[in-house]
Amino acid sequence: MLFRASAAAVAAECLSGSLFLRMTEQFAYLHGYRPSVAEAQSWERSIPVLAGALNDAGLGQVEMILEYGLPLTSKRADAVLAGVHPATGQPSYVVVELKQWSNAAPVDDAPSLCQIEAYGRPVLNPVDQVRGYVKYLTSFNASLADHPNRICGAAFLHNASQFGVGGLFEADQNEAGQLFIGERRGEFMEFLRSKLSPASGAQAADELLNAKVGPSKQLMAVAAQEVRDREQFTLLDEQQIAYRTVLEAVRRAKGSDHKEVVVVTGGPGTGKSVIALSLLGELYRRGTTALHATGSSSFTTTMRKVAGARKPQVRDLFKYFNSFMTAERNGLDVLICDEAHRMRETSANRYTRAAHRTGKAQIEELIDAARVPVFLLDEHQVVRPGEMGTVAEIRAAASAKNLSCQVVPLDTQFRCGGSDSYLRWVVRLLGLEEGGVLPWEPDDRMQLLIADTPSEMEQFLDDRRGLGYSARMSAGYCWKWTKKVPPGQALPTDVIVGGWQRPWNVAGDRGIAGAPPAALWATDPAGFGQVGCVYTAQGFEYDWSGVIIGPDLVWRGDHWVTDRTASKDPAFKRSTPDTDVDRLIRNTYKVLLTRGMVGTVIYSTDAETRAKLRELVGAVERASVTR
């Protein structure tokens with residue numbers, strides 16, 4: 001949160017002009033950059049209106065929690081009002097989404113999406129936006145998990161009239177989300193009085209802010225239930241827009257023999273796979289034919305195992321990109337291509353039958369397979385030569401077939417504790433964004449530690465496992481990998497750093513000596529003790545991540561140096577240009593450094609690189625790894 005005080009105190013701060021300066025300073029401290037002009041202006045224009053409504057309603061002692069960060073995501077609610085319910089005497093909370101809109105209209109027959117003249121693409125109806133926040137808080141805040149009736153939501157369009165936004169009332173409204181407009185301010189004040197009494201809300205605010213936050217629900221652990229019951233996941237803002245954009249494309253395709261392409265882009269942990277599963281479950285409930293496909297053996301195998309645990313036939317819902325070489329044209333209504341950055345130039349390989357060698361590009365095969373092909377991708381997660389899933393390539397392929405292509409960007413981050421500061425630190429550290437490296441400013445969402453030895457890192461992670469957290473170790477591909485292990489023998493300890501030796505994760509699809517098969521390394525507790533590579537870690541998440549930066553990426557003077565000779569990755573051929581190898585190595589470490597949801601421990605095999613990391617992370621964080 002950026003600020004908390006009673007409604008009376010907030011009104012006084014607004015009057016003096018000090019509130020917005022304090023919020024700006026706190027924002028810059030938490031996020032590492034200053035808020036946009038538009039965001040700062042929205043605070044100045046909207047917060048006084050909300051504080052005024054509370055005070056005029058006689059609720060000056062209600063606590064206002066401004067810019068409240070939803071747990072384990074970087075999304076923020078404009079305000080959470082904390083107080084005492086006038087009827088029950090129990091804690092009561094109102095999540096408020098504030099909008100300055102004066103004109104807005106629903107999109108066609110989809111009232112959950114609306115069009116604003118100033119925006120180039122549809123946005124979520126504020127009622128659905130705040131409803132998502134309420135449901136998400138109920139799922140992740142322990143003080144609300146057993147008392148969902150204590151929280152409700154309201155969207156307040158304080159500049160709006162019935163004439164300007166009347167169409168938005170077509171969206172479903174309930175306790176979790178109701179719409180109010182400035183023209184009928186009295187109705188909003190009456191609503192607030194029905195949920196909050198004049199008593200002090202300080203204790204209720206303390207209870208909400210100090211409550212235990214549950215860990216992010218593991219995608220693989222609920223995949224089976226998700227296919228049957230989409231409510232396992234709550235989609236927020238851009239996720240809802242992507243979800244509803246696809247459903248609208250399906251509606252159009254069915255209604256008018258229509259075909260179009262949808263692309264959803266987002267960095268690690270923005271919920272692309274959650275959207276994919278949510279869509280799959282909803283489409284099947286609607287009787288729409290759909291399949292899920294990826295280019296990742298680990299991801300697809302795990303999805304099949306979990307989703308088909310009780311119903312083996314469910315496994316057939318999960319395919320590989322190269323499964324559609326001979327697929328019937330438009331034989332599916334929807335094909336959901338998850339991890340689409342892992343698409344290849346062609347589906348054919350040396351084992352492909354001659355009759356199946358169509359000569360078509362893989363992206364063309366996937367587009368042809370369904371009336372609505374959906375691609376979910378992160379261009380910065382390309383880690384092998386030959387991977388080619390980019391927005392530009394998909395647009396070009398769609399254009400060549402005279403198909404429209406909608407692109408929905410995701411910004412909200414769920415991985416890395418929802419810390420956008422940490423993600424920005426990683427991409428700046430690796431030189432994937434301009435501006436140079438940044439010192440790490442500790443926040444309350446993500447922990448970052450530097451280890452002096454790999455054994456120190458492993459012991460720390462093992463201690464976290466003893467506290468109930470999941471943890472894994474991964475490394476750059478800088479050590480040989482013994483892929484074939486004779487029956488009855490243990491995994492060879494290929495990863496050697498001084499006197500510390502550990503095996504790579506199992507290479508095949510059978511467990512060895514208690515270690516799980518490759519596809520289950522990230523999700524099976526027995527995966528701890530082996531070192532995972534990027535190909536087994538990509539697409540997964542765990543609470544604590546230990547990352548070994550090998551000699552393929554070292555810090556020299558004032559910049560990074562990649563050494564392709566230190567890489568043992570067989571995907572790097574002699575013909576692979578140095579510039580491509582440099583980019584792929586950096587992308588590899590970005591993937592590995594963004595797997596942890598609670599914290600990351602880094603160890604580098606290079607002394608100068610360790611010194612630079614210590615300088616950036618600082619003594620306080622460094623010392624805590626030994627505690």
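Bear in mind the structure is a predicted one, so any value in this text is a computation, not a measurement.
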Legend entry - No-hydrogen, no-angle side-chain donor-acceptor test under 3.5 Å, Ser567 and Asp569: no
Legend entry - Close side-chain approach of Leu520 and Val506, heavy atoms under 4.5 Å: no
Legend entry - Lys483 NZ: over 12 foreign heavy atoms closer than 6.0 Å: yes
Inset, instruction - Could you tell me the separation between the CG atom of Asp582 and the OG1 atom of Thr576, rounded to the nearest 0.5 Å? - result: 13.0 Å
Inset, instruction - Return yes if a side-chain donor-acceptor contact under 3.5 Å exists between Asp78 and Tyr133, otherwise no. - result: no
Legend entry - Note: Lys573-Asp580 ion pair, threshold 4.0 Å (strictly below): no
Legend entry - Closest non-hydrogen atom pair between Ile241 and Val123, with its separation: CD1-CA, 3.9 Å
Legend entry - Salt-bridge present (Asp206, Arg4; N to O < 4.0 Å): yes
Legend entry - Modelled atom types, side-chain donor and acceptor of Tyr589 and Asp552, under 3.5 Å: yes
Legend entry - Spacing of CD1 belonging to Ile450 relative to CD belonging to Glu456, to within rounding of 0.5 Å: 10.5 Å
Inset, instruction - Output, in order, the C-alpha distance, side-chain angles, deciding distance and verdict of ring pair (Phe, Tyr, Trp, His ring centres under 6.0 Å) for Trp544 and Phe460. - result: CA-CA 10 Å; Trp544 277 93; Phe460 177 85; 5.1 Å; yes
Inset, instruction - Would you mind telling me which of Gln530, Arg502, Gln501 makes a side-chain hydrogen bond (donor to acceptor under 3.5 Å, both in side chains) with Thr493? - result: Gln501
Legend entry - Basic-acidic side-chain contact under 4.0 Å: Glu441, Arg424: no
Inset, instruction - Of all the heavy-atom pairs spanning Val264 and Ala242, show the shortest one and how long it is. - result: CG2-CB, 3.9 Å
Legend entry - Pair Arg465 + Asp543, salt bridge at N-O below 4.0 Å: no
Legend entry - From His559 atom NE2 to Lys612 atom NZ, the distance as rounded to the nearest 0.5 Å: 12.0 Å
Inset, instruction - May I ask you to test the Tyr477-Val534 pair for a side-chain heavy-atom distance under 4.5 Å? - result: no
Legend entry - Reported CG-to-OG1 distance for the pair Asp494 and Thr482, which is rounded to 0.5 angstrom: 3.5 Å
Inset, instruction - Could you tell me whether the side chain of Phe540 reaches within less than 4.5 Å of the side chain of Arg595, counting heavy atoms only? - result: no
Inset, instruction - Could you tell me how the ring of Trp504 sits relative to the ring of Trp481: parallel (under 30°), tilted (30 to 60°) or perpendicular (over 60°)? - result: parallel
Legend entry - Gap separating the CG atom of Leu592 from the CD1 atom of Ile602, nearest 0.5 angstrom: 10.5 Å
Legend entry - Distance (rounded to the nearest 0.5 Å) between Leu430 CG and Ile585 CD1: 11.5 Å
